[in-house]
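Have a look at the structure below, then the notes.
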Amino acid sequence: MAKYLLLKHYRGAPAPVNDVPMDRWTPDEVTAHVQYMQDFIRRAEATGEFVESQALLPQGTFVRSDGAGPPVTDGPFAETKDLIAGWIVIDVETYERALELAADLSAAPGAGGKPIHEWLELRPFMAEMPTVTE
Amino acid sequence: MNVRELVPAVIGVLVRRGADFASAEDAVQEALIKALQADEPPRDPMAWLIAAAWRKFLDAARAESSRRGRELAVETEPPAGPVSSADDSLWLYFLCAHPSLSPGSAVALTLRAVGGLTTRQIAAAYLVPEATMAQRISRAKRQLAGLPLDRPGDPATVLRVLYLVFNEGYGGDVDLAAEAIRLTRQLARATGEPEVAGLLALMLLHHARRASRLGPGGRLVPLAEQDRSRWDTALIAEGVAILQAALARDRLGEYQAQAAIAALHADAQSAEETDWVQIVEWYGELLTLTGSPVVRLNRAVAVGEADGPRAGLKELAEVDPGLPRYAAVRAHLLERAGDREQAAELYAEAARAATSVPEREHLTRQAARMRTPDRPAGAADRTQEECPG
């Protein structure tokens, strides 16, 4: 099995096919979208492939140490290029299966009840070092 | 009786036999895990747990003493500990909520030593690894080790810890809200403080509405739209009775005032029958007691219901716009005043700032509703629960 991160972006991903911001949908369309996401997770649980899922707030700040003094911060930035909205971690047998699940998630319905065809970023996890190496 | 309910009493026995709190608590936790893993429950769980915990404690102390190469004093004639059996659990409440502990540590320690939950269960409830939670608990105990613990603590810190546990919600296999109610009930029996009763009433009144708070798919259902036939009338009756007895003692505090507001909501057969005038008065009391800006914000909502949205917006002008949920409250009042365009903007803004997924989805749906033409405005969604949080 291999773990993959499915990254959802607020900003920074190529524009989806059905590109209407969520607060311009009808309430029923919002409900249908939410339901689709929950069903996706339930299905991935049922197939033994779901690991975890988290959503992030849009606010973010860069931080670094400045030696002895208090931490130095930069931001939050109103318009960063890339803004992650959340993720789902899956644990699957093959790369192809990971693509299949990502495509499935990307087809969540949006405005007009039509699939958003949103771009999701798929990132493989580093694996545990194998016990048997030769 | 559930084995874990015996935990505080058994810790008390070990401490009276001369064990220090940290070691006693560890020993009881180990014995508890053993008891939970056993195929058959012991016939006398109390005696079994004391014996097993004392054995664990001696083993640990012996290992410690041989490590240090000195004699084990406790085994022969332990000195009497600081507590008597009557106030075992009360003493533990104060100890675990000690003001020197951070709220997160106090919550974890209370759930383990007073609630008798295992580290694994607490970790699962707070979504952190078990090792992390174990460290949090042992750090908390190390912090308590050097402190003089003979004086009774401040009840307010205990209540704050129990309130936090209750508010952590309903996730995991442990029902934290029900656990908070159990612990508060036990504390109310032991103290007779009106504020403890007030907190218990507040919890019962909110718990009574639990089944109707979320709709299909975890969708948030605002108070005004909840199916009131699903409210637990027995819990409401109990909460109201406890609150009335507490108020009669004429020592008002913030939990009693919050419970009074919850009771007025519970009392209304429909959202339209809510006695908003009295709720505004209680928010006034609460504001005098706490001075909290969040209370001021919630009071603006209540004024909006009692005297109309324009009056609510006027109240809101006195509130700091930087507060969480300010935008959602303003959006709601503007919607009721008929300004759907600005309400939509503010609902969308509130959705972007929401700190939980159900809240964000609810607010997004509100913005969408404002922007969807040809929809009856009959189902007046409310963004606001009455609890000032």
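Just so we're on the same page: letters track the sequence lines, and every chain starts at 1. Model, not experiment: these values are computed from the prediction.
- For CZ of B:Arg371, the number of neighbouring non-hydrogen atoms (other residues, nucleotides, ligands) closer than 6.0 Å is greater than 12.
- Minimum heavy-atom separation, B:Arg365 to A:Thr31: NE-OG1, 3.0 Å.
- Atom CH2 of A:Trp119 is surrounded by 12 or fewer heavy atoms from other residues, nucleotides or ligands within 6.0 Å.
- Looking at B:Ser356, there are no atoms closer than 4.5 Å to chain A (heavy atoms on both sides), in backbone or side chain.
- If you measure heavy-atom distances from B:Glu349 to chain A, you find no contacts under 4.5 Å at all.
- In this structure, A:Arg97 places its CZ atom where more than 12 heavy-atom neighbours from other residues, nucleotides or ligands lie under 6.0 Å away.
- Between B:Glu361 atom CD and A:Met37 atom CE the span is 9.0 Å, to the nearest 0.5 Å.
- Residue contact with chain A, scored on non-hydrogen atoms closer than 4.5 Å, involves the backbone of B:Ala354 exclusively.
- Across every non-hydrogen atom of A:Pro27 and B:Ala368, the tightest pair is N-CB, 3.8 Å.
- Contact annotation for A:Glu29: neither backbone nor side-chain heavy atoms come within less than 4.5 Å of a heavy atom of chain B.
- Residue B:Thr372 comes nearest to A:Thr26 through the heavy atom pair OG1-CA, 3.8 Å, listed as atom of the first residue, atom of the second, then distance.
- Counting non-hydrogen atoms of neighbouring residues, nucleotides and ligands closer than 6.0 angstrom, the CZ atom of A:Phe125 exceeds 12 such neighbours.
- For chain B, the option among A:Gln38, A:Gln35, A:Arg24 with the highest count of heavy-atom pairs below 4.5 Å is A:Arg24.
- Remark: A:Arg43 CZ is packed, more than 12 non-hydrogen atoms of other residues, nucleotides or ligands lying under 6.0 Å away.
- Between A:Leu57 and B:Ala353, the shortest heavy-atom contact is CD2-O, 4.2 Å.
- Interatomic distance, CG of B:Leu127 versus CD of A:Gln54, reported as 7.5 Å (0.5 Å rounding).
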